[in-house]
Amino acid sequence: MRLNSVIGALLFSSDQPLTLEALWALVEADFPQHTRQDVAQVLTELEKRVTGWGLKLESNALGYRIQVAPDCLDWVHQLYEQTPPRLSRALLETLVIIAHRQPITRAEIEAIRGVSVSSALMNQLKNYDWIKAAGVKEVPGHPTLWVTTPRLLQDLGLPSKQALVAQLDKLVKQHETEEGIEVRAL
Amino acid sequence: MRLNSVIGALLFSSDQPLTLEALWALVEADFPQHTRQDVAQVLTELEKRVTGWGLKLESNALGYRIQVAPDCLDWVHQLYEQTPPRLSRALLETLVIIAHRQPITRAEIEAIRGVSVSSALMNQLKNYDWIKAAGVKEVPGHPTLWVTTPRLLQDLGLPSKQALVAQLDKLVKQHETEEGIEVRAL
Amino acid sequence: MSDALQLSFPFAIVQGTVLNEAPQGLYIPPNALKVMLAEFEGPLDLLSYLIRLNKFDIRDIPVFEVAKQYQAYLAMMEQLDIELAGEYLFMAAWLTEIKSRLLLPKAPNQENDGDEEDPRAELVEKLLEYEAYQHAAKWLGELDIVGRDIWPICLCVPPAPGLQPTLNAAQLWQALHQVLQRSRQRKAHQVRQEVFDIGDKINLILQRLGDTPLFLWQLVSCHEGRLGLVVTFMAILELTYRRQIMLMQTDAFADLAICRPDYAFE
């Protein structure tokens with residue numbers, strides 16, 4: 001058995017990105033004559049191998065993953081007879097508020113946005129499996145509390161909920177402090 | 001855009017076999033200068049291309065499909081023990097149709113999904129103990145009728161089959177009203 | 001505070017166009033304006049837009065001017081039949097309230113801690129908070145999102161025997177959503193296809209029409225569906241208009257009989 005085959009099989013069938021470490025840990029025992037460096041070498045070759053075949057070896061903080069080349073996405077959407085999700089401004093705003101303030105009730109989201117949040121929008125977020133109910137708030141009416149899901153992190157390519165919240169914290173604070181500068185710059 | 005790329009992207013991202021006809025139908029409009037024969041040619045090249053990388057291009061009566069090479073399966077199973085893979089779209093879609101329309105025959109599922117449902121997929125659902133046969137339909141050919149099992153309810157954390165069907169009914173209605181809104185907004 | 005009162009601004013500025021009076025002679029096509037106005041995500045979004053557009057300092061909003069422009073926008077939206085959420089009117093009332101509080105003379109002993117007493121403070125805080133989330137939403141929207149911008153490859157491998165995968169309800173609901181969306185796409189697709197040509201139907205009717213009347217049901221077949229029926233019906237109307245056929249009905253709601261124009265009634 002060649003290392004190429006095993007690395008290829010693993011990358012093509014993994015649900016999650018795989019780091020070099022994770023790949024090495026999976027093959028180490030069976031390929032004692034190889035090193036981590038060989039795995040890295042295989043990845044470089046694989047990258048060349050898939051180029052021109054509608055695929056791309058993507059590597060980011062989470063690891064390596066094979067994905068459809070961006071210019072072929074339209075055909076894949078066509079295959080699944082699915083329109084890519086349209087993420088409206090309302091949806092993105094609601095989602096970041098939930099992500100940053102979780103757990104949060106719909107009324108609290110509405111208070112921040114200054115406008116009501118439609119059920120259709122909440123359903124869309126639930127359908128994407130990006131938010132889920134997590135109990136109720138102990139106030140009159142017992143409104144549902146919403147939190148984000150692990151699926152959201154996977155779909156956004158973020159390592160953890162903490163990382164997401166920290167990033168949002170940073171953006172929100174950044175806006176508040178840079179605000180004065182921005183106005184003068186306009 | 002090259003035909004290779006599009007065919008590659010389609011085959012690698014499809015969760016079921018694609019016939020030459022199906023592939024051709026998907027690309028025909030965008031590649032007017034090509035023929036079915038060119039697609040067949042691309043498939044031959046692709047087969048060579050994936051060999052030695054833990055993959056194989058399988059073809060049978062249902063069509064072409066890229067699969068992990070059998071001799072690499074052990075490593076993939078090892079990976080899945082650490083991070084269980086997401087269930088495939090085809091499997092989840094089939095399961096939800098059975099759950100909603102039970103008792104239902106395979107032909108009826110296929111009519112709703114608009115694509116064929118493989119025996120392997122039905123067997124997988126049976127192996128997981130999520131569906132079971134419940135008699136036959138009194139039509140020519142006496143096809144098996146499928147229903148969901150108590151195990152499925154248990155895995156989903158739902159109290160009864162009625163609760164499952166009611167929830168699915170609710171989602172279908174929701175979808176219909178949202179569709180109505182969208183049409184009016186256009 | 002008083003300088004806010006003295007500022008003189010145009011009635012409204014729409015996409016850089018200065019309007020000095022009620023927006024009746026707008027040269028912006030009403031449809032484009034409607035789209036733009038309908039895009040506001042609520043009163044905070046509209047207010048934030050107005051403040052940015054006028055380059056006002058958000059921490060020192062000239063409330064009188066902003067309120068005037070806000071009202072002008074609401075009036076435009078109403079004129080264009082944009083359904084206004086109650087929150088827009090609530091905000092208008094709030095702005096009016098802030099205005100009236102600004103007009104109240106300050107008690108002499110409060111002159112030094114005016115900032116804490118600023119009636120605008122709460123609104124500014126809400127605006128800043130909302131804008132911060134808009135800023136964050138923009139960041140999120142620009143990420144590569146799986147399913148929209150990214151399609152990971154995950155070949156389906158049958159699990160090792162005996163391994164039971166985990167299933168959660170959300171996955172199942174999402175699968176249903178996909179099935180429904182696809183069937184909708186398919187329907188939309190079918191409507192777009194021009195499967196039936198009226199010309200073909202006209203020829204068919206003329207070919208089949210003999211000395212005896214034809215009935216509508218003889219001209220349509222099941223597999224053509226509703227669209228086939230509609231096209232056939234249109235062909236019949238066209239032929240009637242051209243006086244190439246004649247229509248008869250023996251009773252209300254009876255079958256339509258199609259005959260030659262020279263058909264002799266008994």
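Model, not experiment: these values are computed from the prediction. All chains are named by letter (A, B, ...) in the order of the sequence lines, taking the proteins before the strands, and each is independently numbered beginning at 1.
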If you check every heavy atom in residues 103-118 of chain A against those of chain C, which residues fall under 4.5 Å? A:A111, A:I112, A:R113, A:G114, A:V115, A:S116
Evaluation steps, side-chain hydrogen bond (donor to acceptor under 3.5 Å, both in side chains), between C:Q69 and C:N54: CA-CA 10 Å; C:Q69 293 193 15; C:N54 290 285; 2.8 Å; yes
Residue among A:D129, A:L156, A:T94 with most heavy-atom pairs under 4.5 Å to chain C: A:L156
Salt-bridge present (C:R59, C:D57; N to O < 4.0 Å): no
Do C:R101 and C:E97 sit within salt-bridge range, that is, some charged N less than 4.0 Å from a carboxylate O? yes
Neighbours of chain C found in residues 7-23 of chain A - heavy atoms under 4.5 Å: A:L11, A:F12, A:S13, A:S14, A:D15
Is it true that A:Y80 and A:W75 have ring centroids separated by less than 6.0 Å? no
Give a yes or no on whether the ring-centroid distance for A:H77 and C:W151 is below 6.0 angstrom. yes
Between A:L73, A:L92, A:L164, A:L87, which shows the greatest number of heavy-atom pairs under 4.5 Å with chain C? A:L92
When only heavy atoms count and the cut-off is under 4.5 Å, which of residues 54-67 of chain A reach chain C? A:L55, A:R65, A:I66, A:Q67
Do you know which of A:Q154, A:K132, A:R151, A:K170 has the most heavy-atom pairs with chain C at a distance under 4.5 angstrom? A:R151
Should the pair C:Y49 and C:Y73 be assigned to parallel (<30°), tilted (30 to 60°) or perpendicular (>60°) ring geometry? perpendicular
Can a side-chain donor-acceptor contact be found between A:N127 and C:W173 if the only test is distance below 3.5 angstrom? no
Return the option, out of C:L176, C:L155, C:N168, with the maximum number of heavy-atom pairs under 4.5 Å with chain A. C:L155
For A:L168, is it the side chain, the backbone, both or neither that has a heavy atom under 4.5 Å from a heavy atom of chain C? side chain
From the list C:G42, C:G86, C:A170, C:G147, the residue making the most non-hydrogen contacts under 4.5 Å with chain A is C:G147
Pairing of C:E131 and C:R52 as salt bridge, 4.0 angstrom limit: yes
Side-chain donor-acceptor pair present, C:D45, C:Q134, cut-off under 3.5 Å: yes
Using a heavy-atom cutoff of under 4.5 Å, enumerate the residues of residues 40-50 of chain A that contact chain C, numbered in order, or state 'none'. none
Which atoms of C:I145 approach chain A - backbone, side chain, both or neither, heavy atom under 4.5 Å: both
Given C:Y130, C:F90, C:Y133, the one with more heavy-atom pairs under 4.5 angstrom with chain A than any other is C:Y133
Donor on one side chain, acceptor on other, C:Q174 and A:K126, under 3.5 Å: no
Less than 4.0 angstrom from a charged side-chain N to a carboxylate O is my criterion; do C:R148 and A:D155 meet it? no
